[in-house]
A.B. asks: 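Please read through the structure below; I'll follow up with questions.
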Amino acid sequence: MIELKNLSKTYVSPDEEINALQDVSIRVESGQVYGIVGYSGAGKSTLVRCINYLEKPDAGSITIDGIGSITVKNGVSFYRAEGSETEVKLTERHLKALRKNLGMIFQHFNLLDRSTVYDNIAYPLKYTGRDRESIRKRVLELLELVDLTDKVNAYPSELSGGQKQRVAIARALASNPRILLSDEATSALDPDATESILKLLKDLNRKLNLTIVLITHEMAVVKSICDRVAVMENGRVVEEGNVYDVFSNPQQAITRKFVGTSSGLGKINELIKQDLDMVSSDDTLIKCVFAEQNVDEPLVSDVSRRFDVNMNIYLGSVEILQGKALGGLVLKVEGEPENRQAAIDYLRQHKVRVEVIEHG
Ligand code: ADP
């Protein structure tokens, strides 16, 4: 478990103050894949870097179960080992012990270009007092884990982006951490490599019970592997929840925007732009989201018969999120105004989330 409580961080420069984190609290359970999304500048990197204390918060606390907690009071950092009553001033020794349990991967891999794959992975192990043979054994084990055994003697320049990220993952896991922090790890990769790295992360999460905190600007990444998600805007967490709940019923405007871009239904805005006469005075264009409780009900034909309206399907999508179906349709409803409204009310009564895009 990782618990971040009331974290704040302000960057002060001669001409401005940036509130990168404003009273942020989140809790990540052990074994979870936890996504943090937001646009550039929202505070995601700052937040994730506070977890391993690469960034020192101005206030708040970071607790990692099995290890201890760091609390910042009046700018001074204190450490309390788990189970201990006493709080002491934080030292490098405490940080070393904390970071041993936290691996981190980055968008641009951060590999040593002049070292082979073997040496890149062996590097963090060299300072742990292990002998050569035990390092060799561990490196080969890690290479097998990330499915890159055949590249042991290659240099980073000879690898694809996806392979470089595999090396970085192996290196991050060298000291057997229980937590992996991922800072936009797939943002520099093509779609195929992205998919394979996400699959690897999910496999490692299951196989090693590895807790993963990942930051991304792509909802598709969240959809693919996260259990929970926090949405950040202007240094705050504005929405947080189980991935299915957030995708099926986003509460904040920014979350709706993120969810919309990833579902394919957002393409309706392009269609509207291209076809200005798409909706006539007898039509209403609506977006419907059918969550698990109504995804298999014949609601569209039912509504059509009941209220004497035509339902014309423009766009549709069904996705499986966390093993549950989430369906979406963009429909043009044609008919008398009162019938169209009655149809929309009926859908809403049946727990379909209806958004009116355009009224004719
Ligand atoms: P994100 O990861 O969501 O893009 P960041 O955490 O990197 O956001 O940045 C949050 C805000 O803090 C941004 O406005 C950024 O410019 C600012 N910021 C981040 N790091 C620094 C720094 N070292 N010095 C000054 N400002 C910073």
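Counting convention: from 1, in listed order, for ligands and their atoms alike.
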A.B. asks: Looking only at protein heavy atoms, identify the closest one to atom 4 (O) of ligand 1 and say how far it is in Å.
C.D. replies: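 So the nearest neighbour among protein heavy atoms is Gly41 N, 2.6 Å.
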A.B. asks: Within 45 degrees of the axis of the six-membered ring of Phe109 and under 6.0 Å from its centre: does Lys164 put its NZ or CZ there?
C.D. replies: no
A.B. asks: Which atoms form the tightest heavy-atom contact between Leu112 and Asn120, and what is the distance?
C.D. replies: N-OD1, 2.7 Å
A.B. asks: Nearest heavy atom to atom 2 (O) of ligand 1: which of Ser45, Ser13, Ala20, Ser40 does it belong to?
C.D. replies: Ser45
A.B. asks: For atom 19 (C) of ligand 1, what is the nearest protein heavy atom, given as residue, atom name and distance?
C.D. replies: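 Checked against all protein heavy atoms, atom 19 (C) of ligand 1 sits closest to Tyr11 CE1, 3.4 Å.
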A.B. asks: Any chance the side chains of Thr255 and Glu239 put a donor and an acceptor closer than 3.5 Å?
C.D. replies: yes
A.B. asks: Could you check whether Arg306 and Tyr346, counting side-chain N and O atoms only, form a donor-acceptor pair closer than 3.5 Å?
C.D. replies: yes
A.B. asks: Compute both the distance and the angle, then confirm whether Lys73 meets the cation-pi test with Phe78: under 6.0 Å from the six-membered ring centre, within 45 degrees of the axis.
C.D. replies: yes
A.B. asks: Kindly state if atom 11 (C) of ligand 1 has a protein heavy atom within a strict 4.0 Å cut-off, that is, under 4.0 Å?
C.D. replies: yes
A.B. asks: Minimum distance, heavy atoms only, to atom 6 (O) of ligand 1: which one of Asn19, Thr46, Val37 is it?
C.D. replies: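 The residue whose heavy atom sits nearest atom 6 (O) of ligand 1 is Thr46.
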A.B. asks: Would you check the N or O atoms of Ile215, main chain and side chain alike, for any that come under 3.5 Å of an N or O of ligand 1?
C.D. replies: no
A.B. asks: Can you list the atoms of ligand 1 that are under 4.0 Å from a heavy atom of Ala42?
C.D. replies: 1 (P), 3 (O), 8 (O)
A.B. asks: Taking distance alone, with no angle check, do Gly43 and ligand 1 share an N/O pair under 3.5 Å?
C.D. replies: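 Looking only at distances, the answer is yes, because the N/O contact criterion of under 3.5 Å is met.
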A.B. asks: Do Arg353 side-chain atoms and Val289 backbone N/O form a donor-acceptor pair below 3.5 Å?
C.D. replies: no
A.B. asks: So which heavy atom in the protein is nearest atom 14 (O) of ligand 1, and how far is it from that ligand atom?
C.D. replies: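 For this ligand atom, the closest protein heavy atom is Ile18 CG2, 3.5 Å.
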A.B. asks: I'd like to check which ligand 1 atoms, numbered from 1 as shown, lie under 4.0 Å from a non-hydrogen atom of Tyr39.
C.D. replies: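 Those atoms are 3 (O).
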A.B. asks: Any side-chain heavy-atom pair from Val117 and Leu159 closer than 4.5 angstrom?
C.D. replies: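 A side-chain contact under 4.5 Å exists here.
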